[in-house]
K.L.:
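Have a look at this one.
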Amino acid sequence: MPELPEVETVANGVHQRVHSQVIESVWLGSKPEPFKTRPAEMAEVLTGRRIERVYRVGKHIVFDLSGQGNEDGPQWIVHLGMTGRLLVSADSVPVPAHTHAILKLASGSELRFVDPRRFGRLAIHRRANNAEHSNGFQGSGREPLTISIEEFTELFRGRKTSIKAALLNQKLLHGVGNIYADESLFRAGIRPTRMAGRLNREQLGRLHNALQVILKHAIALGGSSVSDYVDADGVRGFFQLEHRVYLRGGEPCLVCGTPIRRTVLGGRGTHYCPACQK
DNA sequence: AATGAAACCTGACAGC
DNA sequence: TGCTGTCAGGTTTCAT
């Protein structure tokens with residue numbers, strides 16, 4: 001479900017609810033494991049740590065955990081995949097189906113990872129021992145909210161793939177997914193099929209601006225709830241009401257009335273206005 | 001190195 | 001009612 005604005009919303013909500021709390025015990029379930037770190041090791045590392053801070057890196061949610069002695073603490077990394085949720089609930093609230101992890105907190109509440117489709121992933125990240133600079137979990141690509149227009153332009157130089165596929169490539173920009181790729185290309189007036197390396201400076205400037213404006217607007221509205229996305233409190237976002245093309249194939253363009261077209265690009269449903277996007 | 005298609009899963013919904 | 005086909009916020013893997 002989640003792209004940058006949804007992950008940001010969840011991370012902020014979870015931070016407010018669980019920071020400074022101690023993990024008393026850990027339950028990890030399910031057979032085909034959503035765990036990149038072995039369950040026994042993950043439970044061992046998590047138990048007894050204090051959660052210092054929760055934040056977003058790309059589409060990952062990062063938990064900074066307390067260290068022991070003079071060692072820097074490890075990090076717990078959560079990726080929600082398509083349908084993952086992180087919920088903070090009183091232990092009296094029934095555990096939903098497809099719950100794969102439960103962290104019992106000293107306050108009595110529980111942090112639960114729920115994921116029907118099981119595309120989500122959990123992992124422990126250990127900091128390098130004697131690196132001098134930042135050695136915490138790094139994303140795979142550049143951060144779309146803060147990247148400069150020069151660096152943004154440089155990312156696409158020489159790329160022969162479509163601009164849509166390039167926007168979804170997490171090694172270039174991390175955090176952009178299918179909704180915000182389609183919506184930002186519409187706002188920039190660029191057809192998703194255009195070869196990334198052939199876009200000129202002015203077009204990339206429009207795309208850079210559109211992407212940042214849309215991501216910030218979506219964060220302000222709590223993200224997009226297309227089917228079942230909810231934040232840490234179980235509350236839906238509102239940005240789906242602002243979608244101009246995403247999932248609107250066949251419906252009239254809100255600007256010019258031309259039917260929105262749906263195709264497949266980079267293996268993903270892709271929506272655009274054939275009149276507004278050149 | 002880069003690109004694209006397939007695979008990984010379950011659930012919701014439309015159409016018959 | 002129930003079956004079938006399609007689609008869904010993502011990433012990894014494998015073959016070009």
K.L.:
Represent DNA chain B in dot-bracket notation, 5' to 3'. Only Watson-Crick or G-U wobble pairs with both distances under 3.5 Å count; pseudoknot-style crossings use [ ] and interstrand partners use |.
P.N.:
.|||||||.|||||||
K.L.:
If the P atom of B:dC9 is compared with that of C:dC14, how far apart are they to the nearest Å?
P.N.:
14 Å
K.L.:
Give a yes/no answer on whether the side chain of A:R268 brings an N or O atom under 4.0 Å of OP1 or OP2 in C:dG10.
P.N.:
yes
K.L.:
Please classify the nucleic acid contact of A:Y246 as base, sugar-phosphate, or nothing, using heavy-atom distances under 4.0 Å.
P.N.:
sugar-phosphate
K.L.:
Go through the structure and list residues passing salt bridge (charged side-chain N to carboxylate O under 4.0 Å, His left out) with A:R262, not counting sequence neighbours.
P.N.:
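If we apply the salt bridge (charged side-chain N to carboxylate O under 4.0 Å, His left out) test to A:R262, skipping adjacent residues, there are no hits.
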K.L.:
Whole angstroms only, please: what is the NE2-P distance between A:H243 and C:dA8?
P.N.:
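Taking NE2 of A:H243 and P of C:dA8, I get 13 Å after rounding.
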K.L.:
Among C:dG10, B:dT10, C:dA8, which is the nearest nucleotide to the side chain of A:K59?
P.N.:
C:dG10
K.L.:
Test your reading of the model: is there a side-chain donor-acceptor pair from A:H100 to the backbone of A:D115, 3.5 Å cut-off?
P.N.:
yes
K.L.:
Mind checking what makes side-chain hydrogen bond (donor to acceptor under 3.5 Å, both in side chains) contact with A:D182, not counting sequence neighbours?
P.N.:
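side-chain hydrogen bond (donor to acceptor under 3.5 Å, both in side chains) list for A:D182, sorted by chain: A:K164, A:H271.
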K.L.:
What is the distance from CD of A:E3 to C1' of C:dG10, rounded to the nearest Å?
P.N.:
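To the nearest whole Å, that distance equals 9 Å.
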K.L.:
Rounded to whole Å, how long is the line connecting atom CD of A:Q170 with atom C1' of C:dG10?
P.N.:
8 Å
K.L.:
Whole angstrom is fine here: how far is it from CZ in A:R262 over to C1' in C:dC7?
P.N.:
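Computing the A:R262:CZ to C:dC7:C1' distance gives 7 Å.
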K.L.:
I'd like a table of atom pairs between the protein and nucleotides 3-8 of chain B - only N or O on both sides, under 3.5 Å - with the distance next to each one.
P.N.:
{"from": "B:dT3", "atom 1": "OP1", "to": "A:K160", "atom 2": "N", "distance (Å)": "2.8"}
{"from": "B:dT3", "atom 1": "OP1", "to": "A:T161", "atom 2": "N", "distance (Å)": "3.3"}
{"from": "B:dG4", "atom 1": "OP2", "to": "A:T161", "atom 2": "OG1", "distance (Å)": "2.6"}

K.L.:
Could you give the distance from CG (A:L111) to CG (A:L87), rounded to the nearest 0.5 Å?
P.N.:
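With rounding to 0.5 Å, CG (A:L111) is 8.5 Å from CG (A:L87).
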K.L.:
Mind calculating the distance between CZ (A:F156) and P (B:dA2) to the nearest angstrom?
P.N.:
14 Å
K.L.:
How many Å lie between CG on A:D115 and P on C:dA8, as a whole number?
P.N.:
18 Å
K.L.:
If you draw a 6.0 Å radius around CD in A:E44, do more than 12 non-hydrogen atoms from other residues or ligands fall strictly inside?
P.N.:
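Open: at most 12 neighbouring heavy atoms sit under 6.0 Å from CD of A:E44.
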K.L.:
Measure centre to centre between the rings of A:F239 and A:Y180, then say whether the value is under 6.0 Å.
P.N.:
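Centroid separation for A:F239 and A:Y180: below 6.0 Å.
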K.L.:
With no hydrogens and no angle check, just 3.5 Å: does a side-chain donor-acceptor pair link A:Y55 and A:N12?
P.N.:
no
K.L.:
Rounded to whole Å, please give me the gap between CG in A:L4 and P in C:dG10.
P.N.:
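After rounding, the reported distance stands at 11 Å.
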K.L.:
If you look at every strand shown and take non-hydrogen atoms under 4.0 Å, does A:L247 touch a base, only sugar-phosphate, or nothing?
P.N.:
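Sugar-phosphate: the residue A:L247, judged by heavy atoms under 4.0 Å, touches backbone atoms but no base.
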K.L.:
May I ask you to verify if any side-chain N or O of A:H79 is less than 4.0 angstrom from the OP1 or OP2 atom of C:dG10?
P.N.:
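So the side chain of A:H79 is outside the cut-off, no N or O lying under 4.0 Å from OP1 or OP2 of C:dG10.
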K.L.:
What's the CD1-C1' distance between A:I163 and B:dA2, to the nearest Å?
P.N.:
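Rounding to the nearest Å, CD1 of A:I163 and C1' of B:dA2 are 15 Å apart.
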K.L.:
Taking the cut-offs as 6.0 angstrom to the six-membered ring centre and 45 degrees off its axis, would you call A:R244 and A:Y246 a cation-pi pair?
P.N.:
no
K.L.:
Would you list the pairs meeting salt bridge (Lys or Arg N to Asp or Glu O under 4.0 Å) in which at least one residue belongs to residues 17-29 of chain A, sequence neighbours left out?
P.N.:
A:R17-A:D233
K.L.:
Answer yes if the side chains of A:T153 and A:E150 hold a donor-acceptor pair under 3.5 Å, and no otherwise.
P.N.:
no
K.L.:
Please list, pair by pair, any protein nitrogen or oxygen found under 3.5 Å from a nitrogen or oxygen in nucleotides 11-14 of chain B.
P.N.:
{"from": "B:dG11", "atom 1": "OP1", "to": "A:H98", "atom 2": "NE2", "distance (Å)": "2.7"}

K.L.:
side-chain hydrogen bond (donor to acceptor under 3.5 Å, both in side chains), that's the test. Do A:S148 and A:E151 meet it? Break it down for me.
P.N.:
CA-CA 5 Å; A:S148 71; A:E151 293 169 310; 3.1 Å; yes
K.L.:
Under a 3.5 Å cutoff, is there a donor and acceptor pairing between the side chains of A:Q21 and A:S107?
P.N.:
yes
